[in-house]
Every structure is written in structure tokens, then in C-alpha cells.
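One structure is given below, encoded as C-alpha cells.
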Amino acid sequence: MSRALTTRFAPSPTGRLHLGNARTALFAFLLARAAGGRFVLRVEDTDSERSSEAFLEAQLADLRWLGLDWDAGPGREDAAGPYRQSQRGAIYAEHYDRLEREGHAYPCYCSQETLAVARRTQLARGEPPRYPGTCRELGALGRAAHEAAGRRPVLRFRVPPGQSLEFDDLVRGPQRFATDDIGDFVLRRADGVPVFFFCNALDDALMGVTHVLRGEDHLANTPRQRLLLEALGLEAPAYGHLPLLVGADGAPLSKRRGAASLGELRERGYLPGAIANYLLRLGHAGAPDGWVEPAALAGHFALDRVGRAPAHFDESQLLHWQREAVKHLDEAACADWLGPALPPDPGAGARATLVRLLRHNVLFPLEAAPWAAVLFGDLPAPSGDAEAQLHEAGPGFFAAARAALELAGPDLPALAREIRARTGRRGADLYRPLRAALTGRCDGPELGPLLAALPLDTIRSRLEAAEVATGRA
RNA sequence: GCUCCCAUCGUCUAGAGGCCCAGGACACAGCCCUCUCAAGGCUGCGACGAGGGUUCGAAUCCCUCUGGGAGCGCCA
């Protein structure tokens, strides 16, 4: 029976997720969904020093927000769990024993200083730095001596010499490595903590992962991990290495260089669909030109359309997808999105009115906030161009507008007709000063609905204020 | 230092020897529409990193250079 295609995302909770992580996660998720397979989330928290519960919670929240639901992982345990590496110590111990028993791994007592010196000399000689093999053939006696001296060994994998390793990378094609280019690598630190190479590969195999998508920086790890799994008699997944995401300066995105985290983008009001639509097209061809609904994303993802060159993150592109995302928001979702940025309770139904008015006029919730004041509070001081608009029209215009309002009411077509009859103004000459007086600015939603949403008294007093401000005789 | 990878408009990309004096999207500029902003429509700007080959013909194949990236850890 063939296993369902299974992918995974395996973050370390040592910080917030950034866009590069998000893209890797998204692609893995889409690959699974496109094939009707499974998506697993595994937490690589073996480094208790740097991992934190708070980061873990934040990462899980960010992934859920992006729409990446895992079939197995934290909160969705199954027989292959636990899905936190910090809870898998017994499993690792068992495999360490086996590796050592069968001669695939050996204890190494070399000090870090010794190794650093060796590395330096190798580098100076123009050789690649590699473990010199000092402890490789250490007998029982030698070990006993080190132990007696109180040294704690690391466990090293014995890389078989003289072999050529070949495999197909899911995105980069055929790869070939020589085992002679790979030094014996560490599987377990002296303090007993398992290292990435080991638990990452082992867990993938144990959790039934069939396709691993990860950053290009892991490409050279792949032969080691395949070697390791082979020694354990486990089936290795297929690996695909995604090109890195780089910033405008061409340097890889990293949190410490100010790359925005997913969480920050979210706090700034970006919509998950905007992020996903952008990411789908970053270093990946074949997506249609227009907006793709989140649920349809998987249908547009194909591994063979993933590029091999580093992709630049460009916020103006993200902004475009944000615009699309807002456009495709329904009213309820829009209210949820805008809600937190609006004042507590501008009054019954007021919030819904605001949302309806602003739906197509703002890109971020922050831009909506000032409108709450415009509609239901005191008018902020007019902008410069609004003020110019006011003076261009003059007090007579606003006096006429006030009189017209008493006759026609707040219905824009009727009101405009009445004002036109009294002032001779029409079109832009009529609407723009009206807008300026009513909102204190020159941009914003359509005037008709705006007028209908404003209390009649507010309209009156703002027209009067404009008349006074422009110098009523 | 050594090994490996990558290279088309500002950005994401199409392009797998003639369909390409290179197509699309975003951005930018202009025009139209319009009470404004946005949206929408139209037009424009804009690239095969350089040099050598191979070929009747190269963005596509080969070589060199340049530029960028990755890896070589008791980091993940």
C-alpha cells in the first residue's frame, strides 16, 4: 500500500516566523493539499536554551492565521507523535544505541579547541575543514582513558569512505555528492542534546514524511541525512530545496536584519490571503494573474514551477495583493478586520455603517480610524487642500448649501439640484467644497452614502462652520 | 581557502535553437472615466550580466569572466 504524500513544516521556536519561513511552510502545505496528502507540523525544540513556549505559541498562531492547518502536530497528536522533539528523547536514545551498536556511530572525545585548530590548519592549507577522524578507531582502552580523564564524548556518525551519493532533488534535479567530501558529523552533543541532522532526519522518517521542502541552505545536509537513514534502515523522504528569499539588497531575509515577521505584517493589517497570494508567486511561476481565493491556492501550486534563483521580497508587490485581498473581503470579514482599529462603540449600527463606507477605500485598518471621527465625532482640522477648496467656494456657497439642505434633506441628488439652482455651481465645483466642508479632506468614500450616514445636525453644523471659516459677512 | 548552486525589464516571471528586434503581472508615468481617493479602461517606460565559441540561426547549447547565493560546526 502506498503512503499518502506527506509533507511537513518543522520550525524551531526560537523567534517569530518571517516571510521565508512562511513561504516554505506554505509550499509544503500546498504540495500536500494539491496531492490530497497530509501536512505535518513538528516542533524542533531540542535546544531548550533558545526555544521558548511564547515563540511556539506565536508561531502556531501565525501559521493558523495564514490558513495552514496541520493534520498532525501540536494539538493533533497521533500514533507517530509526540510532535515536539523535546518529548522524543526516548526514541532518540534508542536509535543512538542502535547506531553505535551496529558500528555506524562512535564516541568522539576531541575537544572543541582541538577541532578548531584542525579546522584552521585545513583552511590554511586550502583544504575544506573536515573532522580529521581522530577518534574513529579509538579502542576500548582509549575510551576508558578519556572517560577516566572526565571527558564527555559526542557521538559521531561514521561516514563510509569512497562512495558516491546520488539523489534527485525535487526542485533542483539530480545531485551527486562524494562521501569523501563529508566529514564524520556529530549526532549527539556532549551534553546529550541531539543535533538537527539526527532528529530532523529520523523524525521525518518515523513520521511518514514523504516529501520534504526546505530552504536551500539545507541542500548539503541532505547526503548526510540520507546516509543516516540508510544506516538505520529507514526510508528517506524526497527532498526539495527552495531558493532563499532575499531582501531588496540581495541579502537573505533574516529577523535580525529587520525583515518583517509574519506577526508584524499581521499586526500592520495585512490580510493572510494577501500574504499567501504574494508568496505563491514569489519564486514560483504558473499562478494566474488575478486574485486566487485561499481555498484554491493548492490548485495553482506545482513543484516543477518553483524557480532555482533567490527571490526578492518587494513590498510594493505585497501591497498589490493586499489591495486585492481587501477587495475580495466580504462585509462580515471586513468588519472583523477593521474592527480592532475603530473606536470602542461609536453608537448602534455606526460601526457597520463605517465598514460599509470604507470597504473599498482603505488598505489598512489604521487608515480607517480617522474616519470614525469624521463620521461620528468632531471634525478634525481640515487638510490644506480641503481648506483651499473651502475658500475657493466661499461663504455664500455654504449659506446656499444650508438653505438647500433644509429644503432637500440629506439626499445627495436632491441636495445637489437645489444647491445648483441657488449657486449655479455644478459638478466638481459643487461636490468638492461640499466634501471638504463635510469631511475636512478631499479623498474618501462616495459622497452620497457619506451624506446619508451623517446625522442631519452634523451636516448642518459643518456647513455652518465652513461658512464661518470662509468669512461669513 | 575549498565544494556546489544561480543569473531575462526596478520586482515576480514566460521562454526548454527559429513562433522573441523577447510575452505577462506588479511598480512607475501619461491619458480616459469620475465630486475626491481607490477601482476600471487605454497607452507608454523598461531586460536576455560581459566576452568568446558551436550553429544557416542562441535568451535558449559549450567555455571563460563578472556578479549573487549556499555549504564546509558539539547552529538549526
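In what follows, every chain begins at residue 1, and chains take the letters A, B, ... in the order their sequences are listed.
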[atom1] gap between [N] and [M], integer Å:
N	M	atom1	answer
B:G23	B:G46	P	12 Å
B:C42	B:A27	P	15 Å
B:G40	B:G71	C1'	50 Å
B:C2	B:C65	P	12 Å
B:U54	B:U11	C1'	34 Å

Nucleotide [N], atom [atom2] - distance to [atom1] of [X] in whole Å:
X	N	atom1	atom2	result
A:Ile182	B:A70	CD1	P	20 Å
A:Gln175	B:A70	CD	C1'	12 Å
A:Leu244	B:A7	CG	P	15 Å
A:Phe177	B:A70	CZ	C1'	11 Å
A:Trp321	B:A25	CH2	P	11 Å
A:His320	B:A39	NE2	C1'	11 Å
A:Gln317	B:U11	CD	P	10 Å
A:Arg176	B:C5	CZ	P	11 Å

(message) Return a single string for nucleotides 71-76 of chain B, one symbol per nucleotide in 5' to 3' order, where B is base contact, S is sugar-phosphate-only contact and - is none, cutoff 4.0 angstrom on heavy atoms.
(response) SBSBSB
(message) Does any part of the side chain of A:Leu99, heavy atoms only, come nearer than 4.5 Å to the side chain of A:Leu228, both counted from C-beta?
(response) yes
(message) Looking only at the side chains, is there a donor atom on one of A:Gln322 and A:Tyr278 sitting less than 3.5 Å from an acceptor on the other?
(response) no
Between the protein and nucleotides 33-38 of chain B, are there any N/O to N/O pairs under 3.5 Å, and if so, what are the atom names and distances?
residue, atom, partner, partner atom, Å
B:C35, O2, A:Arg435, NE, 3.1
B:C35, O2, A:Arg435, NH2, 3.2
B:C35, N3, A:Arg435, NH2, 3.2
B:C35, N4, A:Leu447, N, 3.0
B:U36, O2', A:Cys442, O, 2.6
B:U36, O2, A:Cys442, O, 3.4
B:U36, O2, A:Gly444, N, 2.8
B:U36, O2, A:Gly444, O, 3.1
B:U36, N3, A:Arg435, NH2, 3.1
B:U36, N3, A:Gly444, O, 2.7
B:C37, O2, A:Asn361, OD1, 2.6

(message) My understanding is that only residues two or more places apart in sequence, or in another chain, count here; which of them pass ring-ring contact (aromatic ring centres under 6.0 Å, His included) with A:Phe301?
(response) A:Phe27, A:His284
Whether [X] side chain and [Y] backbone form a donor-acceptor pair below 3.5 Å:
X	Y	answer
A:Asp45	A:Gln85	yes
A:Asn277	A:Val292	yes
A:Arg425	A:Asp429	yes

(request) Select from A:Lys327 and A:Tyr278 the residue whose nearest nucleotide in RNA chain B is closer to the 5' end of that strand. (result) A:Tyr278
(request) Answer yes or no: are there more than 12 heavy-atom neighbours, outside A:Arg308 itself, under 6.0 Å from its atom CZ? (result) no
(request) Determine whether more than 12 heavy atoms belonging to other residues, nucleotides or ligands lie under 6.0 Å from atom CD of A:Glu49. (result) no
Donor-acceptor pairs under 3.5 Å, side chain of residues 356-375 of chain A to any protein atom, not counting sequence neighbours: which ones?
residue, atom, partner, partner atom, Å
A:Arg356, NE, A:Glu331, OE2, 3.3
A:Arg359, NH2, A:Leu329, O, 2.8
A:Glu367, OE1, A:Leu363, N, 3.1

[N] pairs with, by Watson-Crick or G-U criteria that keep both distances under 3.5 Å:
N	answer
B:A7	B:U66
B:C2	B:G71
B:C28	B:G44
B:C21	none
B:A38	none
B:A59	none

(message) From C-beta outward on A:Arg305, which listed nucleotide comes closest to its side chain: B:C6, B:G15, B:U11?
(response) B:G15
With a 3.5 Å cut-off and sequence neighbours excluded, list the donor-acceptor pairs that the side chains of residues 381-390 of chain A form with protein atoms.
residue, atom, partner, partner atom, Å
A:Ser383, OG, A:Asp385, OD1, 2.6
A:Ser383, OG, A:Ala386, N, 3.3

Pairs of donor and acceptor atoms involving the side chains of residues 156-164 of chain A, under 3.5 Å and at least two apart or interchain, shall be tabulated with distances.
residue, atom, partner, partner atom, Å
A:Arg156, NH1, A:Asp184, O, 2.8
A:Arg158, NE, A:Gly103, O, 3.0
A:Arg158, NH1, A:Arg136, O, 3.3
A:Arg158, NH1, A:Glu137, OE2, 3.4

